[in-house]
Undergrad: 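Encoded as structure tokens, here's the structure I'll be asking about.
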Amino acid sequence: MVPDQTVPATPPSSEALAEAVPDRKYVENKPPRGLYVRVFIYVIATHVLLAMMSLVVIAANNQ
């Protein structure tokens, strides 16, 4: 029987990994898409709320 090998025979060297990936600085130059969706929902909700309040004021003035 062959025993299970849990430790790799030759561990990867950190120098090889460093050479494979160049050092890049992550810069996020645009906001996430979810931000636009939330702003859109807030704008629509605000307009709906203002319209309902206007209808309440108009209904109260007519009585």
Undergrad: Who are the side-chain contact (heavy atoms from CB on, under 4.5 Å) partners of V56, not counting sequence neighbours?
TA: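 None.
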Undergrad: Of all residues at least two apart in sequence or in a different chain, which pass the side-chain contact (heavy atoms from CB on, under 4.5 Å) check with V48?
TA: I44, M52
Undergrad: Other members of the hydrophobic cluster containing I41, with the 4.5 Å side-chain heavy-atom rule, please.
TA: V37
